[in-house]
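Comments concern the structure below.
The first residue of the sequence shown is numbered 1, and numbering continues consecutively from there.
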Amino acid sequence: MRFNRHLCSLLLLACGTLAASAPPTLRAQAQERGVPANTAPPARSAPHASPALPAGAGSIDAYIHATWGTLTRSMSSCASLSDPKLNAPPLLYLPHDLPEPPEVASLVRRCGAQVERLPFRITHAGTDAVIAPPGLLYLPHPYVVPGGRFNEMYGWDSYFIVLGLLRDGRLDLAHGMVENFFFEIEHYGEILNANRTYYFTRSQPPFLSSMIRAVYDAEIARGRRQQALAWLARAYGFAQQDHALWMSPVHRAGDTGLVRYYDTGNGPVPEMADDSSYYRDVIRWLLVHPEVHTTYLVHGWAAPDAAERAELAHISCDPDRSSVCAQAHVGAYWLSHDFYKGDQAMRESGFDTSFRFGPYSGSTQDYAPVCLNSLLYKYERDLAWMAATLHRSAEARQWNAAALRRRSAINKYLWNPQKGMYFDYEFAAPDGRGKGGGRQSDYDYLTTFYPLWAGAADAEQARKVESHLNLFEKPGGAAMSTLRSGVQWDLPYGWAPVTWLAVDGMAQYGDREDAARIAAKFMAVVRDNFACDGTIREKYDVVTGSSQTNVTAGYRQNVVGFGWTNAAYGKMEDLLKKIGAPKTQISPPHPPCRISPSAAPLPAAASAP
């Protein structure tokens with residue numbers, strides 16, 4: 001029976017199916033701009049306590065080991081070409097000046113794929129030319145995808161995936177994924193959100209230096225010191241180029257010395273074609289919450305003619321260029337150009353969607369976020385380490401100085417000594433970008449633990465942040481926020497990557513008990529749901545302890561896989577072996593099973609490898 005369950009799970013992974021849908025009702029409450037948050041319902045009491053590391057943990061470890069293979073893609077695999085987000089024929093793009101690799105001809109012959117070259121050479125970040133039709137971007141090495149609708153190599157997902165691969169002894173695969181990011185920088189101008197043409201306008205949270213260090217350490221551990229040093233010298237150059245992306249003018253957060261997320265594109269994102277109701281849901285929410293003052297709505301036309309569509313292209317989006325835009329209205333109401341800039345910047349952050357930067361994060365581009373600036377502090381410390389390791393002492397001093405300047409700006413703008421937490425900073429006034437205004441957000445978000453993971457907090461700051469863990473701690477781990485907004489990156493959902501960063505950060509500062517307890521709770525939820533349906537998912541409801549989600553707008557699926565959850569589970573397992581189980585007994589919720597893999601219909605097997 002166990003064999004059948006795991007076979008079902010792997011087939012579901014390979015075909016990118018089995019999604020848990022949620023009711024479409026929209027009952028979000030906005031805290032950030034004046035609407036009180038709903039009170040979270042009381043957590044369901046658990047019938048019994050779960051140990052930190054159960055005797056049966058081997059089966060979930062076997063699942064994780066097997067799914068690295070299931071989730072691996074390459075340019076010799078037909079499975080790589082599929083894009084579940086768009087209804088489009090398989091199309092692969094090569095860089096403009098790259099000779100055709102031998103495996104591409106085989107891909108065409110076996111998979112019926114079309115191959116094109118990009119129309120020009122891309123030399124810098126933020127290419128805003130529309131490449132039509134959309135397609136997959138060539139990468140030279142195999143890579144692991146998150147799962148489900150996410151069938152490409154993602155920026156920040158890959159950091160956690162690399163950790164999981166290294167833990168599983170798959171150094172060559174992890175090394176190849178980092179090399180793919182070097183290839184993206186060299187041939188596509190930057191590390192992309194993911195390797196699809198519609199992601200040319202944005203990147204994702206900067207974890208490249210952390211990936212480089214992880215692979216370097218693994219090479220050293222295998223006794224390959226000379227090869228590792230030679231590779232580090234090459235990697236250092238690419239890391240500097242990636243860091244420079246975030247220092248560009250469009251990413252500057254006014255005169256704060258901090259940076260922001262920003263996307264150079266306009267209008268709704270093409271990848272939302274498989275969820276055509278999302279932007280309409282946002283409009284409906286704004287219409288029923290007029291007390292929440294934003295610049296997100298414009299009144300236009302229900303059935304615009306050519307002249308009116310041209311006007312919409314300036315004030316909202318271009319319905320002639322984007323099929324997603326053409327559907328993104330409720331009667332005569334459309335979303336503003338400014339909202340779409342925030343919506344796209346939110347997707348560079350990876351936190352899509354929350355109410356952290358206004359309703360549906362429609363003002364993301366106006367904030368200097370804790371997460372991004374903490375990551376860049378660590379990035380600059382990593383660059384200093386690389387330079388020192390390569391005996392470039394002057395450069396090491398420069399990078400350490402840059403990190404100190406960033407830490408000073410973090411303390412000035414993002415640290416709140418009265419509240420004892422880090423908060424995002426809205427640097428831009430509503431009527432200007434980076435001029436005047438400026439205020440610290442009061443939105444409680446789990447990224448307040450990022451400075452601990454990055455090493456940017458001092459001991460007293462870390463202690464104060466840890467003292468507020470109770471704001472986020474739930475029966476199944478740590479929730480992303482204190483607001484039930486109805487979208488997936490807020491309460492009640494807990495996500496493996498941010499949970500791991502929080503847990504690891506607390507452990508680094510000596511708070512082993514809190515770190516162990518949060519890790520044990522989250523692992524218990526993952527295990528319980530795995531025992532129920534034989535799968536691991538991208539997120540969990542940490543209040544109910546279930547993989548069943550009730551997202552009211554945005555991505556309603558809870559995708560099976562799942563790359564970063566697999567990896568973070570393994571890292572938490574290792575951490576508990578190192579620091580020990582929590583001293584306090586945990587009692588996570590045990591929701592009833594709602595999915596029976598043996599009863600679920602199996603998808604058709606893939607027709608090509």
Side-chain angles (χ1 to χ4, degrees), residues 20 22 27-29 31 36-52 351 354-356 421 443-450 452 465-507 511 513-532 536-552 558 562 564-565 568-569 572 575-576 581-592 594:
R27 301 184 185 278
Q29 295 295 320
Q31 180 186 58
N38 291 345
T39 302
R44 183 184 309 179
S45 59
H48 60 277
S50 289
F351 296 107
S354 78
F355 272 44
R356 174 185 175 194
M421 292 172 63
Y443 200 91
D444 298 324
Y445 211 64
L446 194 58
T447 51
T448 192
F449 285 89
Y450 269 53
L452 279 65
V465 170
E466 290 161 354
S467 72
H468 295 295
L469 179 61
N470 63 303
L471 291 173
F472 307 100
E473 185 169 1
K474 303 299 175 189
M480 286 303 304
S481 76
T482 57
L483 172 68
R484 282 183 174 268
S485 66
V487 293
Q488 66 174 1
W489 282 97
D490 274 323
L491 179 72
Y493 301 111
W495 292 73
V498 185
T499 300
W500 167 245
L501 296 181
V503 163
D504 193 34
M506 288 187 286
D511 186 5
E513 178 61 19
D514 284 338
R517 189 177 65 258
I518 295 299
K521 283 184 173 185
F522 188 77
M523 289 175 65
V525 167
V526 175
R527 278 197 312 273
D528 283 353
N529 284 275
F530 177 80
C532 175
I536 294 179
R537 305 299 182 106
E538 65 170 344
K539 59 183 174 286
Y540 293 89
D541 182 327
V542 293
V543 173
T544 65
S546 176
S547 64
Q548 298 295 309
T549 58
N550 185 26
V551 176
T552 58
N558 193 7
F562 192 81
W564 61 22
T565 314
Y569 181 94
M572 292 180 206
L575 181 68
L576 290 183
K583 296 176 183 177
T584 55
Q585 188 179 51
I586 65 166
S587 299
H590 295 275
R594 295 184 182 178

Short question: side chain of [X], backbone of [Y] - any donor-acceptor pair under 3.5 Å?
{"X": "Thr549", "Y": "Val551", "value": "no"}
{"X": "Thr565", "Y": "Arg537", "value": "yes"}
{"X": "Asn558", "Y": "Gln548", "value": "no"}
{"X": "Trp489", "Y": "Trp495", "value": "no"}
{"X": "Asn529", "Y": "Gly545", "value": "yes"}
{"X": "Lys521", "Y": "Lys474", "value": "yes"}

State which residues pass side-chain hydrogen bond (donor to acceptor under 3.5 Å, both in side chains) with Glu466; sequence neighbours excluded, sorted by chain then number.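 In terms of side-chain hydrogen bond (donor to acceptor under 3.5 Å, both in side chains), with neighbours along the sequence ignored, Glu466 is linked to no residue.
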Using the side-chain hydrogen bond (donor to acceptor under 3.5 Å, both in side chains) criterion, which residues pair with Glu538? Sequence neighbours excluded.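 By the side-chain hydrogen bond (donor to acceptor under 3.5 Å, both in side chains) rule, Glu538 matches no residue at all.
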Is there a side-chain contact between [X] and [Y] in this structure, where contact means two heavy atoms from C-beta onward sitting under 4.5 Å apart?
{"X": "Leu575", "Y": "Met523", "answer": "no"}
{"X": "Asp541", "Y": "Pro492", "answer": "yes"}
{"X": "Ile518", "Y": "Thr499", "answer": "yes"}

Which atoms form the tightest heavy-atom contact between [X] and [Y], and what is the distance?
{"X": "Ser485", "Y": "Thr552", "result": "O-OG1, 4.3 Å"}
{"X": "Leu452", "Y": "Thr448", "result": "CD1-O, 4.3 Å"}
{"X": "Ala524", "Y": "Ile586", "result": "CB-CD1, 4.5 Å"}
{"X": "Val503", "Y": "Ala515", "result": "O-CB, 3.5 Å"}
{"X": "Met421", "Y": "Val465", "result": "CA-CG2, 4.3 Å"}
{"X": "Asn550", "Y": "Tyr493", "result": "N-OH, 2.8 Å"}

Atom [atom1] in [X], atom [atom2] in [Y]: separation rounded to 0.5 Å?
{"X": "Thr482", "Y": "Arg484", "atom1": "OG1", "atom2": "CZ", "value": "11.5 Å"}
{"X": "Met480", "Y": "Asp444", "atom1": "CE", "atom2": "CG", "value": "12.0 Å"}
{"X": "Ser354", "Y": "Tyr445", "atom1": "OG", "atom2": "OH", "value": "4.0 Å"}
{"X": "Glu473", "Y": "Asp514", "atom1": "CD", "atom2": "CG", "value": "7.0 Å"}
{"X": "Lys539", "Y": "Phe562", "atom1": "NZ", "atom2": "CZ", "value": "8.0 Å"}

Check: Asp490/Ser481 side-chain N/O donor and acceptor closer than 3.5 Å: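 Short answer, yes.
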Worked verdict on Val526 versus Met572 for side chain to side chain contact (heavy atoms under 4.5 Å, CB included): CA-CA 12 Å; Val526 175; Met572 292 180 206; over 6 Å; no
Plane angle bin for Phe472 and Phe449 - parallel if under 30°, tilted between 30 and 60°, otherwise perpendicular: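 Rings of Phe449 and Phe472: perpendicular, over 60°.
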Before you tell me yes or no, could you show the steps for Trp500 and Phe522 under side chain to side chain contact (heavy atoms under 4.5 Å, CB included), namely the whole-Å CA-CA distance, both residues' side-chain angles and the distance that decides it to 0.1 Å? CA-CA 10 Å; Trp500 167 245; Phe522 188 77; over 6 Å; no
